[in-house]
Amino acid sequence: MRSKITLKELAKLLSVSISTVSKALNDSSEISPKTINRVKELAKLHNYRPNPTAVNLKRNRTGNIAVIVPNISNIFFAKVMGGIEIEARKLGFQVITYITNESLKLEQQISEIISNGIVDGLLISVSEETQKLNDYEHLYQLQEYEIPVVLFDRINVEMEVDKVGVNDRGSIYDAVQYLYSKNLRKIGLVCANGEMGLGEKRIEGYEAACKDFNLPMNKNFLIFSQDSEVLKSKLKILLTEEKVEALIGLDFLGTLLCSRVVQENNLRIPEDIKIIGYVNDDFAPFLWPALSYVDQHPTSIGETAAALLVERIKKEKRNFPEEKIIKTEIVHLDSTRF
């Protein structure tokens with residue numbers, strides 16, 4: 001095993017200055033191609049690696065970015081984090097992850113830690129409680145400390161920061177339009193997170209589609225509750241009394257409840273009722289029947305958010321914030337088979 005070598009030792013072996021070696025390793029136009037090749041060959045021979053701490057100190061950076069997610073029970077966030085890790089490491093940054101468990105207080109405490117300068121920027125999907133109380137003072141404070149903040153997934157927030165999300169409103173609009181194109185007219189909506197901003201956008205998409213396609217929509221067609229027993233009870237009414245032809249689940253729990261309650265009431269999927277919802281690609285194909293779902297491309301969300309944050313950290317972006325929307329698509333499995 002060859003021992004590691006320092007920049008100073010490389011310069012001494014080549015009889016050039018430390019500055020010349022540093023510039024050659026970074027392909028500076030000030031250094032001749034011949035010298036660059038000599039430096040790189042010797043560096044490779046001696047297994048030279050730059051000291052990341054020294055590099056970041058020189059750039060006045062920590063080399064770390066923070067990620068705050070509301071929970072890890074939903075594999076969606078795990079996939080987003082995977083995308084963040086991939087892109088961040090590719091760009092030379094390490095990731096520190098925090099979980100709020102949907103708590104505003106914990107989110108505030110984490111933000112306080114971050115404000116001490118341990119990271120160069122923050123990626124955050126705000127907690128449910130933060131959205132309900134509309135309290136973002138802790139994030140404004142990070143901006144005052146000139147710590148770049150990028151919101152992802154839950155971006156229905158009135159803040160002048162970069163945001164990366166999906167077309168939630170358009171996703172549900174497209175789902176209703178697809179079912180309408182198959183001559184289905186009675187379409188129900190099930191939401192286990194009705195109070196959240198993200199859920200509101202999906203509900204807006206449903207209502208807009210029903211209006212555009214002149215579909216019937218009474219109060220019983222829209223089921224919102226964070227109580228699973230209430231959802232089950234209302235779903236049963238929707239199926240047995242309203243006799244809807246299709247259900248759209250707006251979240252993971254709502255989608256699973258649709259499938260369960262339909263089958264508990266001796267209805268067949270997809271023969272008697274169609275279902276489209278929010279389950280992930282690792283899970284949906286193994287259900288019986290397999291559930292059609294809205295693919296939000298979570299890995300792409302993570303990669304895009306990380307790249308945007310690093311551009312901000314390196315000041316490669318203009319001052320005004322950007323909002324990047326990842327286009328979703330409906331993946332049709334058993335539950336929308338015609």
Side-chain angles (χ1 to χ4, degrees), residues 74 76 128 131-132 153-154 156 165-265 267 269-270 272-280 284 287 289 291-296 328-336 338:
N74 189 333
F76 169 83
E128 181 178 345
Q131 287 188 307
K132 284 182 180 179
D153 184 47
R154 300 175 180 180
N156 189 29
V166 298
N167 57 330
D168 280 306
R169 189 179 187 276
S171 301
I172 300 304
Y173 187 99
D174 290 346
V176 175
Q177 185 177 38
Y178 172 79
L179 295 168
Y180 173 80
S181 73
K182 298 295 185 179
N183 297 315
L184 300 184
R185 298 295 181 264
K186 300 179 72 174
I187 302 169
L189 197 72
V190 181
C191 181
N193 293 311
E195 296 182 40
M196 293 178 59
L198 180 144
E200 288 173 3
K201 286 295 180 184
R202 295 174 183 174
I203 294 164
E204 286 177 13
Y206 172 81
E207 292 175 337
C210 287
K211 181 178 179 181
D212 288 349
F213 304 125
N214 196 30
L215 295 173
M217 185 182 68
N218 61 45
K219 63 179 182 179
N220 291 332
F221 278 28
L222 281 73
I223 302 175
F224 318 130
S225 178
Q226 293 181 312
D227 185 324
S228 60
E229 292 305 315
V230 171
L231 282 176
K232 288 179 182 179
S233 176
K234 290 186 175 182
L235 254 174
K236 183 174 181 179
I237 294 171
L238 196 61
L239 294 167
T240 59
E241 296 182 17
E242 299 294 344
K243 298 190 183 301
V244 293
E245 301 166 300
L247 292 171
I248 299 175
L250 293 196
D251 47 71
F252 185 74
L253 177 59
T255 303
L256 294 185
L257 280 174
C258 285
S259 178
R260 174 169 177 164
V261 175
V262 165
Q263 294 179 79
E264 284 179 344
N265 284 275
L267 295 171
I269 306 170
D272 299 322
I273 193 161
K274 316 295 184 194
I275 296 177
I276 297 175
Y278 282 82
V279 287
N280 64 79
L287 295 171
L291 294 180
S292 301
Y293 63 96
V294 177
D295 190 348
Q296 302 177 85
T328 61
E329 61 182 315
I330 298 173
V331 178
H332 293 284
L333 300 177
D334 296 341
S335 66
T336 50
F338 285 87

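FYI, side chains are in, hydrogens and waters are out, and symmetry mates aren't considered; it's all heavy atoms of this structure.
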Test item: side-chain donor near acceptor, Asp212 and Tyr173, under 3.5 Å: yes
Backbone N/O of Arg169 and side chain of Glu204: donor-acceptor pair under 3.5 Å: no
Cation-pi, Tyr278 ring and Arg202 (6.0 angstrom, 45 degrees): yes
Any donor-acceptor N or O pair under 3.5 Å, side chains Glu128, Gln226: yes
Lys211 and Glu207 ion-paired at < 4.0 Å: no
Residues forming a side chain to side chain contact (heavy atoms under 4.5 Å, CB included) with Glu242, sequence neighbours excluded: Asn218, Asn220, Phe221, Leu238, Val244
Considering all heavy atoms, the nearest Pro270-Asp334 contact: CG-O, 3.2 Å
Donor on one side chain, acceptor on other, Asn167 and Thr328, under 3.5 Å: yes
Nearest heavy-atom neighbours spanning Asn156 and Lys201: OD1-CE, 3.8 Å
Under 3.5 Å: donor-acceptor pair, side chain of Ser335, backbone of Leu291: no
For the student: nearest non-hydrogen atoms of Thr255 and Gly277, plus distance: OG1-CA, 3.3 Å
CG-CG distance between Leu250 and Asp168, expressed to the nearest 0.5 angstrom: 9.5 Å
Minimum side-chain heavy-atom gap Phe76-Asn280 below 4.5 Å: no
Value rounded to 0.5 Å, distance of CG in Leu239 from CD in Gln263: 11.5 Å
Nearest heavy-atom neighbours spanning Leu333 and Ser292: N-OG, 2.8 Å
Note, Cys191 side chain near Ile223 side chain (heavy atom, < 4.5 Å): no
Pairwise distance CD1(Ile275) to OH(Tyr293) - rounded to 0.5 angstrom: 15.5 Å
Point-to-point distance, once rounded to the nearest 0.5 Å, from NZ of Lys232 to OG of Ser225: 12.0 Å
Option passing side-chain contact (heavy atoms from CB on, under 4.5 Å) with Val176 (candidates Leu184, Ile187, Ile276): Ile187
Gln177 and Ser181: side chain donor to acceptor below 3.5 Å: no
Lys186 NZ to Leu247 CG distance, which is reported to the nearest 0.5 Å: 12.0 Å
Main-chain N/O of Thr240 paired with Lys243 side-chain donor or acceptor, under 3.5 Å: yes
Separation between CG of Leu189 and CD1 of Ile172, rounded to the nearest 0.5 Å: 6.5 Å
Donor-acceptor pair, side chain of Glu245 and main chain of Arg185, under 3.5 angstrom: yes
Val190 and its side-chain contact (heavy atoms from CB on, under 4.5 Å) partner, picked from Val261, Leu231, Ile248: Leu231
Ring-face cation of Lys274 near Phe338 (centre distance under 6.0 Å, axis angle within 45°): yes
Sidechain-backbone polar pair: Ser233 side chain, Glu229 backbone, donor-acceptor under 3.5 Å: no
Flag, side chain of Asn265 to backbone of Leu267, donor-acceptor distance under 3.5 Å: no
